[in-house]
Amino acid sequence: MSVPRLVTLTTLVLAVPLLGSCAGDQSTLAPAGRAAREVAWLWWAMLTFSSLVLAVVTVLWVYAMLRRPREHGDELRRRIERRWLVGGGLLLPGLSILALLIFGIPVGQRMLPLPLVGEQPLRIEVTGHQWWWEVRYPDSGVVTANQLHLPVGRPVDLTLRSADVIHAFWVPRLGGKLDMIPGRSNVLRLQADEAGVFRGQCSEFCGTQHAHMAISVQAQPVEEFDAWIQARQQPVAPARLQAPAAALFAEHCGVCHRVAGVSEGNRAPDLSDLGSRPRLGAGVLSNQPGAIANWLREHQRLKPGNGMPLHDHLSDDQLDALAEWLEALAP
Ligand code: CUA
């Protein structure tokens with residue numbers, strides 16, 4: 001294969017994964033919220049500007065290669081060199097950076113969680129764990145994990161914390177990313193402008209299962225969101241609490257996991273509404289019928305190193321009963 005052909009082919013092959021990120025439920029170029037629009041706008045502005053710089057430098061370079069060499073006296077040569085050094089080496093980059101700052105600083109300012117007049121932001125606390133997300137709605141007492149529900153059109157202030165190492169919270173279609181640092185609380189303001197399901201992903205390497213640390217985000221119309229919260233504030237049905245599997249759960253799982261009305265463990269994800277979640281294991285499996293039974297048996301193969309011990313001491317019947325009971329945990 002000739003060299004130009006090889007270059008063209010390589011470029012095309014490399015373009016596939018690059019263009020793959022231009023769409024989909026995790027694309028910064030398909031913003032669905034205010035902060036994400038700011039990020040996308042800054043990205044396009046920087047791409048345009050840097051393309052312009054590339055074009056100018058390329059034209060100058062081609063011109064320098066093609067033009068006929070000229071003989072200059074020493075004095076004139078020094079002056080031309082100085083002009084390029086000051087103009088091209090100091091003035092041009094200085095002005096370029098200034099232009100980008102004039103552009104970028106107000107964008108950053110608009111993304112800050114500044115005080116608002118009128119309707120106050122909804123508060124949600126998200127804590128990163130190796131390797132899952134704890135989600136709390138402090139105003140309503142609702143707790144869930146690995147899923148985040150938001151009302152459309154209302155600003156949301158997410159207080160981001162970490163329980164162990166540094167994680168980073170990022171839902172590309174809704175806003176920028178922010179680190180979750182042990183011992184600190186960072187606030188990220190998001191506002192979804194349209195209903196939809198988005199994907200968030202931990203974006204700071206936090207251990208072997210960093211890639212399996214996804215969060216499913218659902219933006220809903222306000223009434224739907226309120227109904228979602230209210231459903232989770234209801235007391236758990238007595239039949240569910242009295243089932244034999246509830247006692248089994250409290251005995252074997254309840255030290256780490258909480259299920260409202262059954263156990264108070266707080267080292268692992270709250271499972272009170274597990275049956276209603278779209279995925280299991282922070283994005284590992286789709287939560288379809290039978291998936292929980294599979295997860296209880298195969299979780300260390302599906303997500304090696306996760307904090308849950310093997311369930312070798314439980315019989316198949318016990319595991320099936322637990323899975324069936326967990327699958328029904330939905331408001
Ligand atoms: Cu948590 Cu990467």
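As the structure lists them, so they are numbered: ligands from 1, and atoms in each ligand from 1.
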Of D179, I181, L178, which is the lone residue that meets side chain to side chain contact (heavy atoms under 4.5 Å, CB included) with E204? D179
Rounded to the nearest 0.5 Å, what separation is found between the CG atom of L54 and the OG1 atom of T58? 4.0 Å
Salt bridge flag under 4.0 Å for residues E81 and R77: yes
Please check if any side-chain donor atom of D270 sits under 3.5 Å from a side-chain acceptor atom of S272, or the reverse. yes
Whether R78 and D74 form a salt bridge (side-chain N of Lys/Arg under 4.0 Å from carboxylate O of Asp/Glu) is what I want to check. no
Rounded to the nearest 0.5 Å, the CG atom of N287 sits from the CG atom of L280 at a distance of 4.0 Å
Keeping to distances under 2.8 Å, can you name the protein N/O/S atoms close to atom 1 (Cu) of ligand 1? H167 ND1, C202 SG, C206 SG, M213 SD
